[in-house]
Number of protein chains: 2
Amino acid sequence: MNRKATALDVAKLAGVSRSAVSLVLNGRGDGNVALESQQRIREAAAALNYSPNQIALSLRNRQSRIIGIVSDQVVTSPFDGNIIAGADAVARSHGFVTVVMDTELDTSRDEGAVETLLDRQVDGLMYVTVGLRPLHVPPNMARVPSILANCFDDRPEAGLPSVIPDEVRGGREAAEHVMALGHRDIAFLAGDSLTPAAPRRIAGYRDAFKGAGLPVNEDRVLQVGWDIDAGFHGAMKLLDGVEASTRPTAILCANDRLAIGVVLACYRLGLNVPQDVSVMGYDDEFRVAKAMVPALSTMALPLREMGAAAMTALLAEVEAAPNGKNEKNDGGGGTGAEVLVPCRLVVRDSTGPVAAGR
Amino acid sequence: MNRKATALDVAKLAGVSRSAVSLVLNGRGDGNVALESQQRIREAAAALNYSPNQIALSLRNRQSRIIGIVSDQVVTSPFDGNIIAGADAVARSHGFVTVVMDTELDTSRDEGAVETLLDRQVDGLMYVTVGLRPLHVPPNMARVPSILANCFDDRPEAGLPSVIPDEVRGGREAAEHVMALGHRDIAFLAGDSLTPAAPRRIAGYRDAFKGAGLPVNEDRVLQVGWDIDAGFHGAMKLLDGVEASTRPTAILCANDRLAIGVVLACYRLGLNVPQDVSVMGYDDEFRVAKAMVPALSTMALPLREMGAAAMTALLAEVEAAPNGKNEKNDGGGGTGAEVLVPCRLVVRDSTGPVAAGR
DNA sequence: TTGAAAGCGATACCAG
DNA sequence: CTGGTATCGCTTTCAA
């Protein structure tokens, strides 16, 4: 059992020609190959544990059934990873395999990664980023059907199609959730503006106020960063030494780590969550949001769905494209389309009704 | 610029034969091809932006320069991901590419994943798990050089080589760190025993006590789980309503999320970290340990190093193996070897000297 | 109904 | 020094 069996081995064992084997195993046996032979071929294939060499197939068919994924920083983040997982599941169900090249945030490696993938004859390309952001699309991506996930083409004219979360709506619905609980003095702790995610979520927050006919108190919007300590210090600024009647009753955070920091600060100040202040996260980070004390209400980022949606769209284009030849790439697949995937409100224990009298 | 240029295109443009192109572009031109032709060939290649079709190469050379990685659950964890990142970086530097198949913790998919990879003619295989654990190695992995990262062969006799963290030593050094700070009443909050990581770290903790000539108080060792809430409740059990003189002065956690829970509990009880109690994490989780308030002292898991070490060992075997043929697989690469990679102590702000009088 | 032959793209050997 | 030819494993005409 050294080398894998080839179609020739099967043919020999069954006493027929390679062509017959090929026909039968690809379902085109009936009407071309004697039933008796078909039977023998199938038995032989099973006996030898035969499965075709994908490399040879790729060469022959001029399509590799490989989708290349270029990632910002797949590895260290539960974010990218989930997008890729969603994408990969869809790819697998179509008989494709994905190979991902991680640039580790070094954009100068973009082109090289794409080139490597192209040399491997990938049938399609997906670019995935950890955080939502505009992307300077590597020019050579245009050579095969491509799509962007969690990022969008930075060229003004319509570029590559992309799938991104509906951050504005997410921000709005988060605010609406606490408003429904009676809160009116609501702070928003966002990261920096390095990613459009923060501004968009803040825009949604403003929309909610507008929708409720309330003014936005600009002092309540703090762009502090994305980590636990930023949340902690942001909350301290909002709460420490401020008398109960004038502090915000709810704090919306742009991610779950910020929310951890906020809760930490509350505890340190002897404040209870959600009785004294409601806290909301964003992302629904795995193993974090659900396990916090108290469990975090949050806005789940539809990562897997985004990956799946992007891959579905991409494969549609790949499979439509004339075998191995590049389509003209000017109309195919709705070039430039931007798909917005909604976030999902997850209500847990860190948000509650506003305290009486506020 | 529709189809990629082939060697034939280059040959035509340069007015030579394919063979000449092949020789020159593979550095075997001198002494075989006229210098003048070489020049023309190189120019033609550059003009056409030629690079060889890896698929054709793979078929021809019977080696794909692809390493298959089967992962437990790459996606959602910063753990696996980092191992893969380390492995991938090494692979890339050797001109290999990795394709990872994620089984999402469904072991029944193991064999299928390996089979898919094998059909793609991978030159080697690596199995990566999120948590340290014994692995029932898919039998078909034996068909190509293989290695395990963060897991080990569950068969008693030496199976596949593996690279795992030195958890015992990690547990010991964590305990020694706080002992050096004067602590004697040290609690250990571990996850469950579903993974050998917890018992091993606890073993190390015991070693440290033995080394110091101190007895272990078994009530101080709690196996609670792996998440924030487990840490919170574990700490509450240890600290709530217990008078200062009889509570542990340091709490060692089996991961950083547990440590978050412990700090949360401390704050809730009005205790300061590290003044009242020192807290230590484990893993040095990205974006978490460093950003905690206070920043967590922790024992960094050498994830990237493990991935890199595993890939280095694997490639050594792959590249030693006679081109395309499987080596006999009984001696090659030190079968069954188990490499222990040490963890790295990271001292930050959550551990400090024991309070006076304790 | 079956088998022989022509590629897919690249390399290596061997006459010329 | 150079170019023809076999080969990798498979599919797909096309003749027999």
Could you tell me the separation between the [atom1] atom of [X] and the [atom2] atom of [N], rounded to a whole number of Å?
| X | N | atom1 | atom2 | answer |
| --- | --- | --- | --- | --- |
| B:Arg60 | D:dA6 | CZ | C1' | 8 Å |
| A:Leu8 | D:dT11 | CG | C1' | 14 Å |
| A:Asn61 | D:dC8 | CG | P | 19 Å |
| B:Leu23 | C:dC13 | CG | C1' | 10 Å |
| A:Gln38 | C:dT1 | CD | P | 9 Å |
| B:Leu48 | C:dG9 | CG | P | 14 Å |
| A:Asn53 | C:dC8 | CG | C1' | 13 Å |
| A:Gln121 | C:dG9 | CD | P | 8 Å |

Identify the heavy atoms of [X] and [Y] that sit nearest to each other, and give their distance.
| X | Y | answer |
| --- | --- | --- |
| A:Val130 | A:Asp72 | N-OD2, 3.5 Å |
| A:Val341 | A:Val163 | CG2-CG1, 3.6 Å |
| B:Ala313 | B:Ile147 | CB-CD1, 3.7 Å |

Options [options], nucleotide nearest the side-chain atoms of [X]:
| X | options | answer |
| --- | --- | --- |
| A:Arg62 | C:dG9, D:dT11, D:dC10 | C:dG9 |
| B:Val33 | D:dT11, D:dT2, C:dA10 | D:dT2 |
| A:Pro52 | D:dC8, D:dC10, C:dA10 | D:dC10 |
| A:Arg28 | C:dA12, C:dC8, D:dT12 | D:dT12 |
| B:Val16 | D:dG3, D:dT11, D:dT2 | D:dG3 |

Quiz prompt | Position toward the 5' end of DNA chain D (nearest nucleotide), A:Val21 or B:Gly15 | solution =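 Its nearest nucleotide lies further toward 5', so the answer is B:Gly15.
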Measuring to OP1 and OP2 of [N], would you say a side-chain N or O of [X] lies under 4.0 angstrom away?
| X | N | answer |
| --- | --- | --- |
| A:Arg18 | D:dT12 | no |
| A:Ser19 | D:dT12 | no |
| B:Tyr50 | C:dA10 | yes |
| B:Asn26 | C:dT11 | yes |

What's [X] touching, base or sugar-phosphate or nothing? Going by heavy atoms closer than 4.0 Å.
| X | answer |
| --- | --- |
| A:Leu57 | sugar-phosphate |
| B:Asn32 | base |
| A:Ala20 | nothing |
| B:Ser58 | nothing |

Practice problem: Mind running side chain to side chain contact (heavy atoms under 4.5 Å, CB included) on B:Asp9 and B:Thr6 for me, showing each step along the way? | Solution: CA-CA 5 Å; B:Asp9 298 325; B:Thr6 75; 3.5 Å; yes
Quiz item: Okay, side chain of A:Arg109, backbone of A:Asp102: is any donor-acceptor separation there less than 3.5 Å?
Solution: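 Yes; at least one donor-acceptor contact below 3.5 Å.
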Quiz item: With a 4.5 Å limit on heavy-atom distance, are the side chains of A:Asp88 and A:Val100 in contact?
Solution: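 No, too far: nothing below the 4.5 Å cut-off.
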Quiz item: If you take atom types as modelled and just measure distance, does the side chain of A:Ser17 reach the base of C:dA4 with a donor-acceptor pair under 3.5 Å?
Solution: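 Donor-acceptor pair under 3.5 Å: no.
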